Amino acid sequence: MKLLRLFAITLALLAGGLAWGQDKVVYHISDADTQALAGLRNVRNHLDVDPKAQITVVTHGNGVDFLMEGAKDKNGSPYAGPVSALKGRGVTFEVCEITLKTRNLKQDQFIQEADFTPSGVVRLAKLQHLGYAYIRP
Amino acid sequence: MKLLRLFAITLALLAGGLAWGQDKVVYHISDADTQALAGLRNVRNHLDVDPKAQITVVTHGNGVDFLMEGAKDKNGSPYAGPVSALKGRGVTFEVCEITLKTRNLKQDQFIQEADFTPSGVVRLAKLQHLGYAYIRP
Amino acid sequence: MKLLRLFAITLALLAGGLAWGQDKVVYHISDADTQALAGLRNVRNHLDVDPKAQITVVTHGNGVDFLMEGAKDKNGSPYAGPVSALKGRGVTFEVCEITLKTRNLKQDQFIQEADFTPSGVVRLAKLQHLGYAYIRP
């Protein structure tokens, strides 16, 4: 019976492995000008159709700009509104700390919805290895 | 012997899990102007070198345009020809229904080779969770 | 006891399957002008934060240009230096052979750091099926 229990555990682990990343998605934004507006719209539509999706938006390089205090899109609308609304629906927004260093930016220049990660690209790889799907808007 | 059979099933499932997505690929097109020509060429080359590849092209936003009736590339060649040829080789082309709604388009404005999916981005995530590789042309 | 050993093997295979792609990443470059500089910087930062990462850069289309002899970035700096430095840290750079044929290029026009692969897109899919994460700079 011990063996049967071991079998059950193995099968459960296997099933878990397959189900694992279900509904997890990482969005990659490295250029706010060309990607932020579309990306935020994509994420909103994503949640509208799949409300259980766990979405992380990883930003680096010029992609971090839309998460800075006072940032506005090309129509002059502040990004903070839609970002805050998505944060309220469980989306996390992460800013690359190497970018901060390279571009001489400080964490307090970003809106409070922003989280930070040591390296955007390492984070993108790690999340995929944890079963996240990857979408580049 | 029952246990041995269970083992065999477990191993088969495991092997199946690993082999699972083999040769499955999703191409992501969200801007026809910059991606459609290259994307169609990529897909053709893909099949030439890996004829067993199961390829799905997911389009949304401005990416759906090359699948509309009468759409032409920048050289004035209709997209319908290459799309139809790839469809004949097993490639599926999917159009995001949220895009239809947002851009006020109707299904009958698209060529008959086009299929439809409730949400392009949700579909991109789901296919990856089913083992599809992701390529953004 | 035979059965127990079988169980152990199954579990080891399973764990191996999950750990499998750990730290493996493929970078996709299809346009050198817009991606090469950022991509090389991304890869360097990636290795700085995750030195054990196994990184492959797959190039095709106009993405192969930065690996050609004498290629320079928009600031006039040769690409060969940073490419060679990253190669020294274990990064591999692969050029699509279909692109060579299509663009009438020869292997000896490329720097010695470049490797070749029959098809860039097939390679991108295969590496992901082997557990590589995908990043498009």
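In what follows, chains are A, B, ... by sequence order, proteins preceding strands, each numbered from 1. Here the structure is a predicted model, which is why all the values come from computation and not from measurement. Every heavy atom of this structure was used, including side-chain atoms; hydrogens, water molecules and symmetry mates were not.
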Is a side-chain donor or acceptor of H129(C) paired with a backbone partner of G131(B) at a separation under 3.5 angstrom?
yes
Measure the shortest side-chain to side-chain distance between V121(C) and Y27(B) over non-hydrogen atoms and say whether it is less than 4.5 angstrom.
yes
Is the number of heavy atoms from other residues, nucleotides or ligands under 6.0 Å of N75(B) CG greater than 12?
yes
Kindly state each residue pair satisfying ring-ring contact (aromatic ring centres under 6.0 Å, His included) with at least one member in residues 55-74 of chain C, sequence neighbours excluded.
H28(C)-H60(C), F66(C)-Y79(C)
Could you list the donor-acceptor pairs under 3.5 angstrom formed by side chains in residues 112-120 of chain B, with sequence neighbours left out?
from    : atom 1 : to      : atom 2 : distance (Å)
E113(B) : OE2    : S84(B)  : OG     : 3.2
D115(B) : OD2    : K87(B)  : NZ     : 3.4
S119(B) : OG     : V122(B) : N      : 3.2

Any sub-3.5 Å donor-acceptor pair from R136(B)'s side-chain atoms to R136(C)'s backbone N or O?
no
Between A125(C) and V25(B), what is the shortest heavy-atom contact and its length?
CB-CG2, 3.7 Å
Which residues in residues 33-54 of chain B have any heavy atom lying under 4.5 Å from a heavy atom of chain C?
N42(B), N45(B), H46(B), V49(B), D50(B)
With F93(B), which residues qualify under ring pair (Phe, Tyr, Trp, His ring centres under 6.0 Å), at least two apart?
none
